[in-house]
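Comments concern the structure below.
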Amino acid sequence: MNRPVDETAGLSANERIKARSRLLRGSILEGLKDPLTGAIAEEDTQLTKFHGTYQQDDRDLRQERLAQKLEPLYSFMIRVRVPGGVCTPRQWLELDRLATRHANGTLRLTTRQAFQFHGVLKRNLRDTIYRINQSLLDTLAACGDVNRNVMCGVVPERSDLHAQAYGATVAIADRLLPQTGAYHEIWLGRQRLAGGEPEREPLYGETYLPRKFKIAVAVPPRNDVDVYANDLGFIAIEDGTGGLAGFNVCVGGGLGRTHGEEETYPRLADVIGFCRPDRVADLAQQVVTIQRDYGDRQNRKRARFKYTIDDRGLDWFREELQRRLGWKLDEARACHFDQSGDDYGWVQGRDGLWYGTLFIENGRVADRPDYPLMTGLRRVVEALEKRGRGELRLTGNQNLCIAALSDADRQMVEALLSEHGIMADRSGASALRRASMACVALPTCGLAMAEAERYLPHLVSRLDEIMAASGLSDDPIVVRMTGCPNGCGRPYLGEVGLVGKSPGHYQLWLGASPQGDRLNQLYRESLDEEELLAILTPLIRRYAVERHPQERFGDFVVRVGIVDNPMAFEI
Ligand code: SRM
Ligand code: SF4
């Protein structure tokens, strides 16, 4: 069932924009040609998201430009879709070139294994997206009310399972890609065939989904994609001989919320059963059609799949899914995650090849005077490209894994990295820093209420002092910060979560599990830096003294009752 659009039925404004967009065309092409403004038409700013680009303005300069009676300094963020985060050295080099030529000279690795460019001017937008496509990557459906970049655990030590999980990831991503020709016309200059078949969007329909939809594939024992934070999650289950038996399936995760609106909340996905590997794409397709048909198209704040599940019930969903599939999921299999996040340094996979995971602070690949990360990586990747070896895997925690190297390749990569002062584990960075993550926030994000990426490194330095004074320098605590409650850095899965409320002020959330299977809870509403440290200092000191062997901070604050004792679910 694909609902007809009734403009009088109280549908949200975005629904009407989509309906009259002619499958995402709107007037984007005309707007790109208008030299009088750096912006595009208001309505088109909603549509370009589906094409992978957001209109933004430099918020640092907003007031100044206003005072000078200038239009805001508009530019565009471009998000490159990279299923499973896997790309080739050649692709990396092309993105690096484009970042220097058309963007702000940095590459941003995201929490969903994609790349972002910031600061692309309207006049360079088409060329940038065109060249991304020339490198055989694209930006289609990297944003918008569609299925987004499908994540896949990087799990270097389980290279055997990764190959199969990655295969499933690509199959799902391909199956759910929009079919509109608008993308090709606008960015790649392809003409529509006159008199050809009428264009259709067979899976999504002309109004696409009520809201974004996210899928991740995890490979235990590592939950490096935070699988339960996704609308739909697949957890790889081994068959006992190192092969893939299939996937546990979980539905209804999502983290976004709005301050002061309790009907919006973070939710972890529920495990509903097990499915064979050859069935994952069919299953994903049917789950998406259920959300297409039943998701809330009136209130965008409650339009995510998690609310469809909560409003109608998991039993209703299971029945509907079975009806559409024509087959039933098996019982979920036992499985266990050891940790979320990434391990750094070199690991030999079961394929005998080497995998080196680098810590990239908050995902920002840039050259700084004391740390020429972008140049160093460029040299490494150029050398790999020349040898025709290796691949790059973006992790779900904004880090980078240089993957599938022989002994000799590894030696070469290590030498080049150390020539540029880059250590695989960024030695010198504390365990806490290496487990921290912040969203982009200011100056580009239009929704930020407080700093995140630009501020967390400083706050971590202050937390490091407290950790060192308590003898905890080698202990990680997962600290996640976002500039607003939308949850892009997955703060509700932080042992310590910091969520922007207003400039310089953050909510403090405590007590998520370090395996990503228990949400944290709101502990304090609005704290500045000194207030925050005044609360965290005694908690960290107490943790140092009273913790059980191997006990993590998130578990400790729950056990001793600093926050309530919610159950992590077990299968
Ligand atoms: Fe996000 C919106 C950045 C992962 C929940 N997110 C945005 C926008 C596009 C702001 C906007 O709408 O104008 C941000 C662009 C900032 C900028 O200047 O670059 C933005 N989100 C990011 C990234 C880049 C954060 C990062 O630092 O890495 C991540 C890009 C992922 C990707 O490659 O696709 C990113 N966003 C997430 C995640 C984490 C995840 O998916 O695992 C979440 C929480 C999970 C979820 O979706 O529930 C997330 N982003 C949101 C939301 C809240 C959605 C909701 O259900 O309420 C918004 C706002 C919205 O959609 O209206 C949002
Ligand atoms: Fe922007 Fe908020 Fe997402 Fe951070 S969490 S990138 S501030 S929307």
Side-chain angles (χ1 to χ4, degrees), residues 14 45-46 48-49 52-59 75-83 85 103-104 106 108-119 139 141-151 210-216 224-231 233 252-259 261 264-269 300-307 340 360 362-364 394-399 437-456 480-493 497-501 516:
N14 285 60
T45 62
Q46 296 305 319
T48 56
K49 295 179 185 180
T53 181
Y54 276 68
Q55 179 176 302
Q56 302 183 319
D57 72 285
D58 187 330
R59 293 186 55 187
S75 67
F76 289 79
M77 177 270 272
I78 300 176
R79 191 178 286 163
V80 183
R81 193 175 63 95
V82 192
N104 65 358
T106 74
R108 181 59 155 68
L109 315 187
T110 75
T111 53
R112 291 195 71 77
Q113 301 182 295
F115 290 95
Q116 280 190 185
F117 296 96
H118 289 105
T139 64
C143 322
D145 297 344
V146 280
N147 175 58
R148 302 288 189 87
N149 197 37
V150 183
M151 299 176 78
R211 206 69 165 84
K212 60 179 72 169
F213 194 90
K214 297 183 173 178
I215 301 180
D224 56 359
V225 292
D226 280 328
V227 67
Y228 300 116
N230 285 264
D231 297 275
L255 299 182
R257 48 175 282 279
T258 305
H259 285 314
E261 295 189 16
T264 67
Y265 46 81
R267 183 187 193 282
L268 292 188
R300 271 183 83 74
K301 288 201 170 159
R302 279 191 55 89
R304 291 292 294 271
F305 184 45
K306 61 183 173 182
Y307 302 119
S340 60
I360 313 277
N362 299 325
R364 186 66 69 177
L394 315 191
T395 81
N397 302 288
Q398 305 170 330
N399 296 308
M437 185 157 94
C439 72
V440 177
L442 293 163
T444 50
C445 179
L447 306 178
M449 300 169 177
E451 296 279 353
E453 181 187 325
R454 296 195 296 194
Y455 171 56
L456 186 62
R480 295 192 175 167
M481 170 179 278
T482 54
C484 85
N486 281 321
C488 301
R490 298 192 288 271
Y492 311 110
L493 284 168
L498 299 162
V499 176
K501 270 220 96 171

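Whatever order the structure lists them in is the order used to number ligands and atoms, beginning at 1.
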Any atoms of ligand 2 less than 4.0 Å from a non-hydrogen atom of [X]? List them with their elements.
{"X": "T482", "result": "5 (S)"}
{"X": "N486", "result": "8 (S)"}
{"X": "G483", "result": "4 (Fe), 7 (S)"}

Test your reading of the model: is there a side-chain donor-acceptor pair from [X] to the backbone of [Y], 3.5 Å cut-off?
{"X": "N149", "Y": "A142", "answer": "no"}
{"X": "N362", "Y": "A438", "answer": "yes"}
{"X": "N104", "Y": "T106", "answer": "yes"}
{"X": "R304", "Y": "G253", "answer": "no"}
{"X": "N397", "Y": "D224", "answer": "yes"}

Can you tell which part of [X] has a heavy atom less than 4.0 Å from ligand 1: side chain, backbone, both or neither?
{"X": "Q56", "value": "side chain"}
{"X": "K301", "value": "neither"}
{"X": "C143", "value": "neither"}
{"X": "L447", "value": "side chain"}
{"X": "R79", "value": "side chain"}
{"X": "R300", "value": "neither"}

Measure the CG-CD distance between L442 and E451 for me, rounded to the nearest 0.5 Å.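 These two atoms lie 4.5 Å from each other.
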Distance in Å, C484 SG paired with H259 NE2, rounded so as to fall on 0.5 Å steps: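 Rounded to the nearest 0.5 Å, the SG-NE2 separation comes out at 7.0 Å.
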Could you tell me whether some N/O pair between [X] and ligand 1 is separated by less than 3.5 angstrom?
{"X": "K49", "result": "no"}
{"X": "T110", "result": "yes"}
{"X": "V440", "result": "yes"}
{"X": "L255", "result": "yes"}
{"X": "Q116", "result": "yes"}
{"X": "R490", "result": "yes"}
{"X": "R257", "result": "no"}
{"X": "K306", "result": "no"}

Distance alone, cut at 3.5 Å: any donor-acceptor contact between the side chains of [X] and [Y]?
{"X": "R257", "Y": "Y492", "answer": "yes"}
{"X": "R148", "Y": "N230", "answer": "no"}
{"X": "N14", "Y": "Q46", "answer": "yes"}
{"X": "H118", "Y": "Q116", "answer": "yes"}

Decide if the gap between the ring center of Y54 and the ring center of F76 is smaller than 6.0 angstrom.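 So the answer is no for these two rings.
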Mutual orientation of the aromatic rings belonging to Y307 and Y265 [parallel < 30°, tilted 30-60°, perpendicular > 60°]: perpendicular
Within-shell test, G487 vs ligand 2, heavy atom, strictly < 4.0 Å: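 Heavy atoms of G487 do come under 4.0 Å of ligand 2.
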Working note: R300 + D145, criterion salt bridge (Lys or Arg N to Asp or Glu O under 4.0 Å); need CA distance, chi angles, decisive distance, verdict. CA-CA 11 Å; R300 271 183 83 74; D145 297 344; 3.0 Å; yes
Starting from [atom], locate the nearest protein heavy atom and write down its residue, its atom name and how far away it is, to 0.1 Å.
{"atom": "atom 1 (Fe) of ligand 2", "value": "C445 SG, 2.3 Å"}
{"atom": "atom 2 (Fe) of ligand 2", "value": "C484 SG, 2.3 Å"}
{"atom": "atom 3 (Fe) of ligand 2", "value": "C488 SG, 2.2 Å"}
{"atom": "atom 4 (Fe) of ligand 2", "value": "C439 SG, 2.3 Å"}

For ligand 1, which atoms, with element, lie under 4.0 Å from some heavy atom of [X]?
{"X": "C445", "answer": "10 (C), 16 (C), 18 (O)"}
{"X": "Q398", "answer": "26 (C), 27 (O), 28 (O)"}
{"X": "T444", "answer": "17 (C), 18 (O)"}

Stepwise, does the salt bridge (Lys or Arg N to Asp or Glu O under 4.0 Å) test hold for R490 with D226? CA-CA 8 Å; R490 298 192 288 271; D226 280 328; 2.7 Å; yes
